[in-house]
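See structure below.
Given the structure is predicted, the values throughout are model-derived calculations rather than measurements. Just so we're on the same page: letters track the sequence lines, and every chain starts at 1.
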Amino acid sequence: MKFLQLELSNWSVFRENQIIDLSTEDGKPIILIYGDNDKGKTSLFYSIRYVLFGENGLKSHPKPNYRELKEWANYHSAAAGDGEIHVELKIQFDDGNIKRIQRKRKFEQTPTGQAIDLSQKDELTIFDEKGIFQINDVQKWIYKNILPFDASQFFLFDGEVIQKYTDKQEQYVREAIEQVLGLSELKNAEEDLMRLNEILGDERNKKLRLVTKDEKTQRELVDLENSISETKELTDNAEIQKKIALDVIESNNKIIKQYAELRQQKDHQDELRDKIANNNKLLQDLENKLKTKRDFSGLLVLNPLLKTILKTEETPPSHQQWESKCVSYLLDNKIEKCLCNSYIDDNIKKIYESKMLDIRDNPFSILKRLVEDTFSSYRPDGLEVELNQIINNISDTEVQINTDKEAFDEISKTIQNNKNVGDDLHQREKTNNEKMKEIGRLEEHIILNKKRLDHWRSQHNTLSNKISSSTADKELKRANDSIDFVRSTSGVFGHAFNEYFKTRKEELEKYISSTFKKLTNAPEKYKSIKIGETFEIHIERTNGDIFPSHNYSPSSGAGQIVAMSVIAGFNKFTTRQCPSVIDTPLGRLDLIHRENVIDFYPLLNNSQVIILPQKGEMSDTDVEAIMENVSAIYDLVPNPSDPNQTFVRRRR
Amino acid sequence: MNEAYSQIIEILEKLANKAELPKGMVKKIYDLEREQVGVMNRNNQSELRRIIVESLESKEKL
């Protein structure tokens, strides 16, 4: 499967309609789309997630406010009154079939002009060559034919956040991995077949009663069926209550987690506040220091003077010649500023003039002594270096202060947008504790009821078998056969899951390990990467030590390399087909890892790899090695007449 | 369909063969479940039943 074209308008900085040709040639699976910060690179990435999954697709954004669709509507269109988000993705499937998925949402500015209101829901349509492709549920069609939502995190991802896969895995990550590898189908089939067997069992029991002539046996069967039915109902209710309790806990945990993230951001904001204050103080100190040093800046002018003196000494001149040389040097060069670019003010000029007077009195010896004395006390060369260093430090500190202020403001915005989160935190934690206790009670209840069910079903089976063997009823025989058949089929799916782990998991581990060795800058240190029964990741060192990945990562870059290897494995072993789209592809990697990862990208996905780097992240030299695999390069450029708008320009 | 998909079907068919179940049936069930991955409430009991009944009938004919 390949993405052929992306079209968008009123999406973030892309106000005017933009069409990006994403088609790739054979052997050239890569498309590069370059953009600087705030020029729409991440917006482009999220437009693909949005067109496929709607607002849900935005939930992976690291900043909470960008998880809401209204943040992506073009602000200027809203300011002008209203507009419509429009994103359209043209896809070619492996059988050659082409479809266009179009998602639209109207929006308008709120009456106060403070925010954006969206219309109720997306307009989601699929088109084929004949026009609108008629299906009942378009979103389900996307899950089935392109990607299930959870699985999308391994195909459409942000390079900077993928190291989360090396953290302790949460349930949703495991489920996503099972979706990608095609194992969810096995688990679900086993579960659905078992449910079908329960229904068939109930139907069989009814038949059994009908063919039984003996009243006592009939009563026994009815009693057993009633007991089974009641206990089953109780168990089902307990399961539902358990699920409700789990949902409450999960929903509370999301808020608790969100609150913890906000707390972390708040702590980070406090750190930023201190950092900004410290840097402002540092800036003040540096400016004072510069001022002090500038008072000596006239000394720098002595540098060329000394050189002149030395030259003069090499070719002994008359006193008049020497005087003339010095004066003409100073006058000809019109020296008004010292080397640190500071103006030579009147005070310095006065000192200088006094020196000139000295020159007039005894031009050679007095000036030479003055220069030499001054040099030995102040070292003007060192002073120049020091001044330049102070100026650079001032500039760096100013940049750092501005960057920190931006980050500070961004956090303030996030906190403001989520100001109510955490108000009822204690209540939520209390509820979670109560729900956990409730789940404990329900589980005891469920286990007990299941034991009862097993007992009654076993009694029922014994009785059924006795009756079945004494009757020639065809329907009953058929019902029994169906139950056995479904049980065997369900077993096949259960075994297939285990069989996968015996055979395919080993191959997957080998592939991930070999990819990791290609990507890491220290392959000699590592033996392999192991995948656990629930897909937890372990790193095996050459000396045999095995670390869970969340304890291994010496840095976020190292974590990114492990995560990238795992993703490469999932892309290779997936039963699904989808191009890879990667925002910030090199994240926080160092130079060697960057080269390794860039070289690997053409192999990441069998069909297509769309990469969205920052301009400084992947230079022309960096991508030279993979240029033969690149089908197209685009730049995201600001509109010269409106810097708030971005255009997409094809470079090659 | 890709190699990984074929490998899973191969595993399923091998196990079906061992359990003397029709090979085509396990593929049909797997594909049916494929449509419902990621869907909150799967609703495939009637289709699943149809596949089972058809497969059982064809097995009986053999």
Side-chain angles (χ1 to χ4, degrees), chain A residues 94 137 139-141 143-145 147-152 175-176 178-193 195-197 199-200 478 481-482 484-486 488-500 502-504 507-508 570 572-577 606-607, chain B:
Chain A
D94 286 349
D137 190 328
Q139 192 59 66
K140 272 189 189 171
W141 186 91
Y143 291 153
K144 180 192 162 195
N145 292 284
L147 271 183
F149 171 67
D150 286 338
S152 69
E175 281 168 12
E178 287 176 359
Q179 287 182 9
V180 168
L181 298 177
L183 299 176
S184 299
E185 290 89 329
L186 299 177
K187 271 184 149 179
N188 294 348
E190 188 187 9
E191 201 179 293
D192 290 344
L193 284 162
R195 204 180 320 144
L196 177 62
N197 231 12
I199 298 167
L200 292 175
R478 190 169 172 72
D481 287 349
S482 297
D484 290 343
F485 189 76
V486 174
S488 303
T489 312
S490 168
V492 163
F493 281 90
H495 286 136
F497 193 88
N498 299 332
E499 188 72 14
Y500 184 94
K502 267 195 229 156
T503 53
R504 295 289 283 164
E507 293 169 39
L508 173 65
F570 293 157
K572 177 84 176 167
F573 282 70
T574 183
T575 53
R576 304 277 164 180
Q577 292 171 60
N606 289 335
S607 55
Chain B
M1 289 299 168
N2 64 14
E3 195 201 330
Y5 169 85
S6 307
Q7 294 270 4
I8 289 204
I9 298 298
E10 202 179 292
I11 291 174
L12 276 173
E13 288 180 344
K14 195 179 85 185
L15 290 168
N17 204 29
K18 219 170 164 182
E20 296 179 352
L21 295 168
K23 279 198 229 172
M25 174 187 69
V26 284
K27 185 177 179 305
K28 275 184 198 165
I29 294 174
Y30 185 83
D31 287 344
L32 175 69
E33 293 293 350
R34 196 173 157 85
E35 292 175 14
Q36 305 263 331
V37 168
V39 175
M40 284 293 279
N41 298 305
R42 294 195 300 279
N43 180 19
N44 54 9
Q45 283 290 317
S46 58
E47 187 58 19
L48 195 58
R49 194 174 184 137
R50 191 188 62 76
I51 296 171
I52 292 285
V53 169
E54 276 179 14
S55 305
L56 189 58
E57 276 172 5
S58 68
K59 193 189 171 196
E60 281 168 354
K61 274 180 199 163
L62 289 172

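Residues A:L183 and B:I8 have side chains in contact (heavy-atom distance under 4.5 Å, counting atoms from C-beta outward). A heavy-atom distance below 4.5 Å is not found between the side chains of B:I29 and A:E185. A:T575 has its side chain within reach of B:Y30: a pair of non-hydrogen atoms, C-beta onward, lies under 4.5 Å apart.
Judged by distance alone, the side chain of A:D192 and the main-chain N or O of B:Q45 form no donor-acceptor pair under 3.5 Å.
To the nearest 0.5 Å, atom CD of residue B:E3 and atom OG1 of residue A:T574 are 12.0 Å apart. Taking CG from B:L56 and OG from A:S482, the interatomic distance works out to 5.0 Å, rounded to the nearest 0.5 Å. In this structure, OG in A:S488 is found 12.0 Å from CG in B:L15, a value given to the nearest 0.5 Å.
Contact of A:E191 with chain B is made through the side chain alone, with heavy-atom distances under 4.5 Å. If you measure heavy-atom distances from A:I199 to chain B, the contacts under 4.5 Å come from the side chain alone. Only the side chain of B:I11 has a heavy atom closer than 4.5 Å to any heavy atom of chain A. If you measure heavy-atom distances from A:Y500 to chain B, the contacts under 4.5 Å come from both the backbone and the side chain.
The two residues B:V37 and A:Y143 make their nearest non-hydrogen contact at O-CB, 4.3 Å.
Contact count versus chain A (heavy atoms, under 4.5 Å) is highest, among B:V53, B:N44, B:L12, for B:L12. Counting heavy-atom pairs closer than 4.5 Å to chain B, the top residue among A:V492, A:T489, A:N188, A:D481 is A:N188. Among B:E33, B:K14, B:R49, the residue with the largest count of heavy-atom pairs under 4.5 Å with chain A is B:E33. Annotation: maximal heavy-atom pairing with chain B below 4.5 Å, among A:P148, A:A189, A:S184, occurs at A:A189. Ranking A:K572, A:E178, A:R504 against chain B, the residue ahead of the rest is A:R504, based on heavy-atom pairs under 4.5 Å. If you tally non-hydrogen atom pairs under 4.5 Å between each of B:Q36, B:M25, B:K18 and chain A, the highest count goes to B:M25. Ranked by heavy-atom pairs under 4.5 Å with chain A, the first of B:Q7, B:R42, B:E20 is B:R42. Among A:E499, A:R576, A:H495, the residue with the largest count of heavy-atom pairs under 4.5 Å with chain B is A:R576.
By the 4.0 Å N-to-carboxylate-O rule, B:E35 lies too far from A:K140 to be salt-bridged with it. One finds a salt bridge joining A:R478 and B:E57 here, because a Lys/Arg side-chain nitrogen approaches an Asp/Glu carboxylate oxygen to under 4.0 Å.
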